Colleague: 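One structure is given below, represented as structure tokens, and several questions about it will come after.
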2 protein chains.
Amino acid sequence: MARLKDIAEASGVSIRTVGRALKGAGYVHKDVRERVLASAKELDYRPHRLARSLRTGRSHEVLVLAGGIGGQRDELHIAKIAGMERALRAGDMALGLLFGLEDQARRQNRDLLDELISRRPGGIALFPGDGPQAKPAARRLEVGGVPYIFLDHPDRDVDAVRHDRQQGVHEAVTYLASRGRKRIAYVGVIDERSRLDGYERTMRELGRPPIIVPMPKPTWEDGRKAASAVAALDPRPDAIMGYSDIVALGILAGLHELGIKIPAEIAVIGFDDRMAASLSFPPLTTVQQDNDALGVAAAEVLLAKVRGDPPPAGGWSRLLPTRLIVRAST
Amino acid sequence: MARLKDIAEASGVSIRTVGRALKGAGYVHKDVRERVLASAKELDYRPHRLARSLRTGRSHEVLVLAGGIGGQRDELHIAKIAGMERALRAGDMALGLLFGLEDQARRQNRDLLDELISRRPGGIALFPGDGPQAKPAARRLEVGGVPYIFLDHPDRDVDAVRHDRQQGVHEAVTYLASRGRKRIAYVGVIDERSRLDGYERTMRELGRPPIIVPMPKPTWEDGRKAASAVAALDPRPDAIMGYSDIVALGILAGLHELGIKIPAEIAVIGFDDRMAASLSFPPLTTVQQDNDALGVAAAEVLLAKVRGDPPPAGGWSRLLPTRLIVRAST
DNA sequence: TTGTATGCGTTATCAA
DNA sequence: TTGATAACGCATACAA
């Protein structure tokens, strides 16, 4: 593979001149520049990124730490990563990917952060559910001078790009009301505030009492069980705002078992717009999060941090809008 | 960050000695070695991978080209990538990830392969659906001396790790027969041979005539429509082997609309074990492909190629078994 | 058993 | 406007 030296010899100038000509900066005679560029093209020159990084001390790689338990193989990750990669590549950065370890290996996950830093990346993007807790990890990265961004991490104290879940639920519940639903229940775990806050706020706006059916874990099975609980309420709700698509699909299954017609008797809305939401019976209305856009936003923050841009007023964190996808379950 | 030089100064020896001591090869006095190792630990020494690679000419990175149209955000990719990453890391290799471009940018995808090669990776893993066609891409990589592996690519002429789809269908259809199903239909696109071959072979084994319901595209909507076609057959099939989970879930929806009971009247099996398969009503019996294992296998082939191992008898390609996951749809 | 010196390909310093 | 040359951190041929 062609080096600067090869181009220099081919075009009869020094290496330094080749460097200037290719970079486009500094004084280079027009004729010389053209000659050099021609040689470079001819030899199919590609800069050796390693050598460049070694010399400048600037990394052209962003490391992404994905995974941890459960989330490790989450389909929603891939779109975020794809968005990041595209935006990073446009900014002349490559993306390196690592996965966290299982739960029992917490200590090894701490070491993992060390390893990430020791690879001297230009920046680090972290998914929630990784070994190290968010705040200590962020502090460690700040101390180490490594630009970082969290993706969709609930902890407000760290720089993160997030989806506006509260707004998503607000739009969904408002939509249910606009379609004439009178008794809209919320089914979900109650320790996740953003969605629940969105629901309660909206019900207040609508002047209606909230109907909250708590569940221990946001699983399909608990969703299925919750369907019975909802159906047993008197008066019975005519709409359900589910915590997630997984929960909502469990609710769908539970309602089917009870012989309850969807959406005629009860409408159901999910959250996430997983692939499964478009493949259910009936296809599930849901709140879509633009994961590609989230990845792009994360990359943009990282690129800005790498460039040394000053943090914008209000900090680096960004909140992205969500969108209601209406399907046949409402 | 500590360099070899720092350790050398701290322990009062030369850089060369530090190198030998850390590597564990060559003659180093025991006391000296201990002193050096202690300093290294104290200073938290981490080798600078870039410098090492630049010097040795050996890359410690494998690039993964994922994506292309449609498949770009496929949830099944993430498990493969995770498996690869884990296995690569164990082999002291890092994973770099790139995504192909949309269909209209075919020419740019050709350039993409150039870019991959020009980054001088230790190896390259390619997902199907990428811009360059498999055979020319493989030849280009072979000429360039870059070890490669395709993941689940149908083209038999390239080195690839694949799932044994034929075997998966065989197991599924055999299972249906063992559960007393008499008329087992196959619903799918007929230009994909491996699954169809598995079905036809099994029906032959069972001494039954095949019932093939072709569909134009393997989509949920076409699956839904195919359900009517199946239901209209006389005699009506009592089991359906679906081309994929997406198709099978469409079939489920179509059967629900017709008021046909699943699995009492018709059993349904899918293929892929997507997340959606476990979230449907009823949960879908399906053929699981161990994508994590596929990623691991791909990494192993790549690591062997990088080491310069001779190709095993029968070539580098590997075929991985699939597994039937029985749920409530059968 | 240990040390010196060189080069990987690039960028940057400084002089010409 | 251009060219020698040093340096990034590591690995290794060669000398001691």
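Just so it is clear, the values below take in all heavy atoms, side chains as well, and ignore hydrogens, waters and symmetry mates. Please read these numbers as outputs of a predicted model, since none were measured by experiment.
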Colleague: Identify whether NZ of Lys or CZ of Arg in Lys305(B) sits under 6.0 Å from the centre of the six-membered ring of Tyr148(B) and within 45° of that ring's axis.
Modeller: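 Judged by the rule, Lys305(B) and Tyr148(B) form a cation-pi pair.
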
Colleague: Between which nucleotides of DNA chain D, read 5' to 3', does contact with chain A run, using atoms under 4.0 Å from its heavy atoms?
Modeller: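 Listed 5' to 3', the contact boundaries are dT1(D) to dG9(D).
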
Colleague: Please round to the nearest 0.5 Å and tell me the distance separating atom CG of Leu22(B) and atom CG of Leu4(B).
Modeller: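 Leu22(B) CG to Leu4(B) CG: 6.5 Å, rounded to 0.5 Å.
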
Colleague: Which letters describe nucleotides 6-11 of chain C, given B = protein heavy atom under 4.0 Å from base, S = only from sugar-phosphate, - = neither?
Modeller: -BBBBB

Colleague: Determine: side-chain N/O of Ser14(B) to OP1/OP2 of dG3(C), distance under 4.0 Å, yes or no.
Modeller: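 For dG3(C), OP1/OP2 do have a side-chain N/O of Ser14(B) under 4.0 Å.
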
Colleague: To the nearest 0.5 Å, tell me how far Ile124(A) CD1 sits from Arg119(A) CZ.
Modeller: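 Going from CD1 on Ile124(A) over to CZ on Arg119(A), the span is 10.0 Å.
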
Colleague: Take atom CD of Glu142(A) as the centre, draw a 6.0 Å sphere, and report whether it contains more than 12 heavy atoms from other residues, nucleotides or ligands.
Modeller: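 For Glu142(A), atom CD is crowded (more than 12 foreign heavy atoms under 6.0 Å).
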
Colleague: Show your working on salt bridge (Lys or Arg N to Asp or Glu O under 4.0 Å) between Asp44(A) and Arg46(A) and close with a plain yes or no.
Modeller: CA-CA 6 Å; Asp44(A) 190 29; Arg46(A) 314 279 183 132; 3.3 Å; yes

Colleague: Is there a donor-acceptor contact under 3.5 Å from the side chain of Thr322(A) to the main chain of Gln288(A)?
Modeller: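 Judged by distance alone, no pair lies under 3.5 Å.
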
Colleague: Is there a donor-acceptor pair under 3.5 Å between the side chain of Thr17(A) and the backbone N or O of Val13(A)?
Modeller: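 Here the side-chain-to-backbone pair does not exist.
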
Colleague: For Phe99(A), is there any backbone N or O sitting under 3.5 Å from a side-chain donor or acceptor partner on Glu85(B)?
Modeller: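 Yes; judged by distance alone, with no hydrogens or angles, the pair exists.
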
